[in-house]
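Every chain is numbered from 1 and lettered A, B, ... according to where its sequence line falls, protein lines coming before strand lines. No hydrogens, no waters, no symmetry mates; every other heavy atom, side chains included, goes into these values.
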Amino acid sequence: MQIIYTDVLVIGGGLAGQRAAIGAKRRGHDVIVLSLVPAKRSHSAAAQGGMQASLGNCFGASGDNEDIHFADTVRGSDWGADQEVVRMFTHTAPKAIRELAAWGVPWNRVARGDREITVDGKKHIISEPDAAHGLITSRNFGGTQKWRACYVSDGTGHAMLYTMSNQAIAANIPVHERMEALALIHSDGRCHGAIVRNLATGELLAYVARATCMATGGFGRIYRVSTNAIINEGMGAAIALETGVATLGNMEAIQFHPTGIFPAGILVTEGCRGDGGLLLDGRQHRFMPDYEPEKKELASRDVVSRRMEEHIAAGHGAHSRFGEHLWLDIRLLGADHINNKLREVKEICQYFLGIDPVSELIPVRPAQHYSMGGVRTDHRGESPQLRGLFAAGEAACWDMHGFNRLGGNSVAETVVAGMIVGDAMADFCDSQAGKLILSTALVDEFGQKQQRLLAGIANGNGSESAFELTRLMQETMTANVGIFRHRDRLEQAVSTLQELQQRARNIGLRSAAPGANPELVTAYRLQRMLKLAQCVAYGALQRTESRGAHYRADFPRRDDLNWMRRTLATWPDDEAGLPTLDYEALDIMRMELPPGWRGYGARDYIEHPQTSARQQQIDGILGDIPDADRHARQQALMPFRHLLPEHLRNNNERQGEEP
Amino acid sequence: MTSHPNRGPARADVLQSLTGLLLVLFIWGHMFFESSILLGKEAMHWVSKMFEGEHLFGKPYPLLVSVVAAVIFVLIAVHAILALRKFPGSYRQYQQFNAHMGALRHADTTLWYVQVITGFAMFFLASAHLFVVFLQPDNIGPYASSDRIWSGNFWIIYAPLLVSVHLHAGVGAYRLAMKWLPIPAASSRQVRRKLKLVMWGIVVFFLCLGSASLATYMVIGRDHAPYAGERYVPGKSQAPTGEH
Amino acid sequence: MNRIPLRPAARTLQIQVLRHNPHDPASEPHLQTFEVEEADTMTLFIALSEIRERQDPSLQFDFVCRAGICGSCGIIINGRPGLACRTLTKDLPDRITLAPLPAFELIGDLSVNTGKWMRGMSERLETWVHSRNLENLDIDTVEQAMEPELAEQLYELERCIECGCCVAACGTAQMRQDFVGAVGLNQITRFQLDPRDERTDAEFYELVGDESGVFGCMTLLGCEDMCPKELPLATQIAFLRRRMVCSG
Ligand SMILES: Cc1cc2nc3c(=O)[nH]c(=O)nc-3n(C[C@H](O)[C@H](O)[C@H](O)COP(=O)(O)OP(=O)(O)OC[C@H]3O[C@@H](n4cnc5c(N)ncnc54)[C@H](O)[C@@H]3O)c2cc1C
Ligand code: HEM
């Protein structure tokens, strides 16, 4: 087996992976990026709507800053997030966007003077100030107090990923495409790289590295209906789980996006609603204000998706031969706006629905969209259990999203986490702990194990079809571990998944084609996906409360008293049918923003006694420094800057804000 | 920058287009002069004498015609040599292009191939024509030309040359426009559709004009066959005008 | 009134795939025909997945986003390049012939290595913003202003998804392996337009001022006609040609 040595191995060529790679490379380390597909085809390219960063340039963003972004994100997370990490994130996001601007992303810009906008179904004229002309503009997104999603038409992720990839090419970072990490090489709580399969030739290789970064994106494809790319099968999270050492955090926290087109599940961006689009029911009645009088269509995604399903369940859906759905109406935005700012949406409607959204309604229904959970890391992005293993982006549970991610916060996270983790990996490589010490025997051992596994599947002669089992898993997840969860359904899902796991040991391949062999790929991925699915289902079953996107019909209230805790899943025994769950407490006494009502959704939750204690403490601290500026007040409550790499600690300058 | 960029490719491209453009303009002009026969022998005679400079100098200088023929020949030679670079370089390349064109069923790709074929044909046909004009510059006129076409069997060259040159020139002119003109992106598709229409209009127009002229020369040549070699003298009523 | 449209009986599609597995010494390129029952809103993505799941699990093809965004699934559909994921079978005849994009290295069946080609193109044309500024970037202060229209124009050119359809549709690229294609030329115009890129026209000339660059283009316009993103490729190449002739 060929062994390739490098300082830093980044598994994943999306925004997070490439930004981390650039960071480590700049610090003088050799970096190799692995990707299932050419880097520019990673699913980051599909992000349409925008990237959150509190630049505060345009009309609806004026007065925005890190503090408001922080509060929005924590509320969005339903207090499930790590608040220090949220601070690190909101502080670095403006820097990330400015860096990308200099690197070439053509962010849409503020144009001085009057323009027409659509709010709440009505047209308004607003005026942009001269001073902001040419600065980066932003649009409204759900769950935010300000217009904060910076965008490039509706190809934001595409533009970002192309710029990022081009910078990685400029930095001479090799991307080994069509390579799939199958297992992490590790011993004694230290990760040494990965065993990798070449997807074009079928050959196995070993990549040995001092630091390994998991940036493999989400795992939406454990669901039948998902907005995710079909390569989003969570193999990164799965192989971390298979170490039996590293933990996955909050796997039950799965986001459903309100506007997947029906029935294909392809996403149309939240920007549609942010820009003024409305949701209509079967009778073309605008129903969201009935449920959410404050934020209406622009409540956070978990809330809107739930309301939509609720409304359909109450018999108000529109009917089609594929089933029931609702309508998204962007006709009121006008042809000009749609043709310029929502071009990809228009194309998607044209090609996949055969309709023109300028004059027709778009059929939509919530679809699986994002995985808040992933490889649990500390604030530097390193796994607390497996040294040398880092994670960034959607694959990680760095934990700035808690139980619900805000639109636009994800691509922002990928870049910010990439910046931080790139540095952390470089620090690690520079340190004593980062020395490479392992025997080739260990590498061989891990390689042979994978070889045996693959041969076992290929020669298994079983009777089960990998494709069929995959479909059953996806259907189980969509039916039973969806937006509305309930003990009975979850128990059923857990047992079905266990049964599928058994059956998956008895797969027979029909094809023995040398080279890529897509059937073999489906088979070995299935076994890992089943484990992830089980972490989601079992975690959801155990969490007897409703928080963010995790909604238990049988426990409809958020329960801070018992569940201010992050779920941690490990899978120490390969033969076991269930993950081992553990819980990590979130310390209210250290929170800058103690739990409360989110400003939308249910008002009713079970309070933790520490909440009021912490609130009193906060009032006291702030009362002592009445004249301090906002930075100092923040610092007094929950210092975070020391957690950032030094070059990211400075204040962010804003147009129109006193320094 | 220290290294000097190689300007060759830029110059070659411009030169190819420029020679092409001049040839197109020439051939279109040429068609009007040539078709003067449709207005009668007198008119055509007048035009041919004009090219010999008679109206200017009072006396014909056939050498002038030779010079024009030589210039055109040089233009064609330069143009052809430059264009030759674009020809499929090997049989394999030729096959690849052919297969590609067959599968793609794409008009502009096929039209390029038409240019290659017609260009290749003109290599021989146009050369033959120019050679004759160059060597016998005084031998152009209502009867001289008609006799050459009919009795000298030159129609066998002129008919395919006519088709080749107009397809080639029309398509070439369209390609020149697409290659160089600043057409705004927003209207590019409409403008192109219009250009294409104009192109076909011009091609058809010149093919009709050219065919009519050629037919006229052939009729005159056939009628004049018994007297082949006799020159046209303006004003003088001549025997075989077809009213036997 | 009930408005259920009358539908013709479902078709049985004959999908012919040009198959070859270069990793199998016994494999010869050949056409294989699969029969698929057409379903409502069926795309080639759905049809091919169904073939792989139910008929021949060894069939190779590439899909990633399945939404026409990532550019993975360019293939030749009845002779012409296009994105398979967003091609509806209802727009195609009963017999459909699928082949891999030519001009790229074949991985197997319909899967080709566009990634390697595009990376090579990017390295050769240096498709990134060149600026001395990037060494010590100040990311704490307010960003450089840019005219809003310019930003939109840049995005217009940046919508390219590197799917390779323009290369497959280009007669020049069929004959010249080293031709950078409309994808490369368009990207040069994108960086040429970008004020953040400090490269001069003379420097761009070094990159595309030859027969493998803009002067190799024969204006066959297959690229413009077959670009799934409808980029204004003819306009951009003409612009670049004028610019390169005038530079230096
Ligand atoms: C349709 C859609 C629209 C979205 N819109 C927005 C938006 O507007 N704003 C926003 O903030 N967020 C949005 N998101 C979310 C956001 O795009 C993603 O969360 C984010 O881009 C993930 O980036 P990443 O770098 O973590 O992973 P990805 O971009 O998914 O990259 C994962 C990489 O890992 C590689 N990989 C995976 N497994 C392996 C393996 N085993 N071995 C080797 N390589 C592997 C893949 O090849 C790929 O290169 C959207 C998501 C979707 C699905
Ligand atoms: C022996 C003669 C000729 C040969 C071999 C020839 C060949 C060609 C070829 C192969 C092309 C395509 C080149 C390319 O795609 O870049 C071409 C283009 C062209 N030809 Fe000719 N040609 C000949 C004569 C003529 C004549 C007589 C005319 C004018 C009437 C003409 C006008 C043009 C024009 C305008 C173009 C387009 C120029 C361009 O693309 O830059 N050619 N020729």
Asker: Heavy-atom cut-off 4.5 Å, strictly under: side chain, backbone, both or neither for C/Leu59 against chain A?
Answerer: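 Answer is backbone: N, CA, C or O of C/Leu59 sit under 4.5 Å from chain A.
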Asker: So for A/Arg178, is it side chain, backbone, both, or neither that comes closer than 4.5 Å to the heavy atoms of chain C?
Answerer: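 Side chain only.
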Asker: Less than 4.5 Å to any heavy atom of chain C: does that hold for the side chain of A/Ser44, its backbone, both, or neither?
Answerer: neither
Asker: Side chain, backbone, both or neither: which part of A/Glu177 has an atom under 4.5 Å from a heavy atom of chain C?
Answerer: side chain
Asker: Does the distance from a Lys or Arg side-chain N to an Asp or Glu carboxylate O, for A/Arg343 and C/Glu156, drop under 4.0 Å?
Answerer: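 Salt bridge present between A/Arg343 and C/Glu156.
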Asker: Determine whether A/Ser465 and C/Arg54 make a side-chain contact, defined as any pair of heavy atoms from C-beta on separated by less than 4.5 Å.
Answerer: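 Heavy-atom side-chain distance check fails, nothing below 4.5 Å.
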Asker: Less than 4.5 Å to any heavy atom of chain C: does that hold for the side chain of A/Thr163, its backbone, both, or neither?
Answerer: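 Contact with chain C is through the side chain of A/Thr163 alone.
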Asker: Is it true that C/Gln60 and A/Asn517 share a donor-acceptor pair across their side chains at a distance under 3.5 Å?
Answerer: no
Asker: Look at A/Glu347 together with C/Arg86 and state whether they make a salt bridge at an N to O cut-off of under 4.0 Å.
Answerer: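 Yes, A/Glu347 and C/Arg86 are salt-bridged.
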Asker: Checking heavy atoms, do the side chain of A/Arg649, its backbone, both or neither come under 4.5 Å from chain C?
Answerer: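 Neither part, no heavy atoms under 4.5 Å.
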Asker: Against chain C, label A/Leu55 side chain, backbone, both or neither, depending on which of its atoms sit under 4.5 Å from a heavy atom there.
Answerer: side chain
Asker: Between the main-chain N or O of C/Arg159 and the side-chain N or O of A/Tyr162, is there a donor-acceptor pair closer than 3.5 Å?
Answerer: no
Asker: A/Ala39 versus chain C, heavy atoms under 4.5 Å apart: side chain, backbone, both or neither?
Answerer: neither
Asker: Under a 4.5 Å heavy-atom cut-off, does chain C meet the side chain of A/Glu468, its backbone, both or neither?
Answerer: neither
Asker: Between the main-chain N or O of A/Glu519 and the side-chain N or O of C/Arg52, is there a donor-acceptor pair closer than 3.5 Å?
Answerer: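 No, the answer is negative, given that no donor and acceptor are paired below the 3.5 Å cut-off.
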Asker: Answer with side chain, backbone, both or neither: which region of A/Val152 has an atom nearer than 4.5 Å to a non-hydrogen atom of chain C?
Answerer: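 Both parts, heavy atoms under 4.5 Å.
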Asker: In terms of heavy-atom proximity below 4.5 Å to chain C, should A/Arg654 be classed as side chain, backbone, both, or neither?
Answerer: backbone
Asker: Quick one: which residue pairs count as a ring-ring contact (aromatic ring centres under 6.0 Å, His included) with a foot in residues 115-149 of chain C, not counting sequence neighbours?
Answerer: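 Output for this query lists C/Phe104-C/Trp117, C/Trp128-C/His130.
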Asker: Could you list the residues that satisfy ring-ring contact (aromatic ring centres under 6.0 Å, His included) with C/Tyr155, not counting sequence neighbours?
Answerer: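 Counting only residues at least two positions away or on another chain, C/Tyr155 forms no ring-ring contact (aromatic ring centres under 6.0 Å, His included).
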Asker: Are a donor atom and an acceptor atom from the side chains of A/His133 and C/Glu147 found within less than 3.5 Å of each other?
Answerer: yes
Asker: Is there a donor-acceptor pair closer than 3.5 Å between any side-chain N or O of C/Arg196 and the backbone N or O of A/Gly104?
Answerer: yes
Asker: Within the 4.5 Å heavy-atom criterion, are C/Ile69 and A/Ile348 side-chain neighbours or not?
Answerer: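 The answer is yes, as the side chains (C-beta and beyond) meet within the 4.5 Å cut-off.
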Asker: Could you check if a side-chain atom of C/Lys229 sits within less than 4.5 angstrom of a side-chain atom of A/Glu344, using non-hydrogen atoms only?
Answerer: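 With C-beta onward as the side chain, the pair touches.
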Asker: For A/Asn232, is it the side chain, the backbone, both, or neither that has a heavy atom closer than 4.5 Å to a heavy atom of chain C?
Answerer: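 It is neither, since no heavy atom gets under 4.5 Å.
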Asker: Which bit of A/Met419 comes within less than 4.5 Å of chain C, counting heavy atoms only: side chain, backbone, both or neither?
Answerer: side chain
Asker: So, A/Arg41 versus C/Thr114: side-chain donor-acceptor pair below 3.5 Å or not?
Answerer: yes
Asker: Non-hydrogen atoms of chain C under 4.5 Å away: do they reach the side chain of A/Val175, the backbone, both or neither?
Answerer: both
Asker: Report yes or no: does C/Asp140 contribute a side-chain atom to a donor-acceptor pair with the main-chain N or O of A/Asn652 at less than 3.5 Å?
Answerer: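 No: the side chain of C/Asp140 does not pair with the backbone of A/Asn652.
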Asker: Given a strict heavy-atom distance threshold of 4.5 Å, which part of A/Leu648 is in contact with chain C: side chain, backbone, both, or neither?
Answerer: side chain
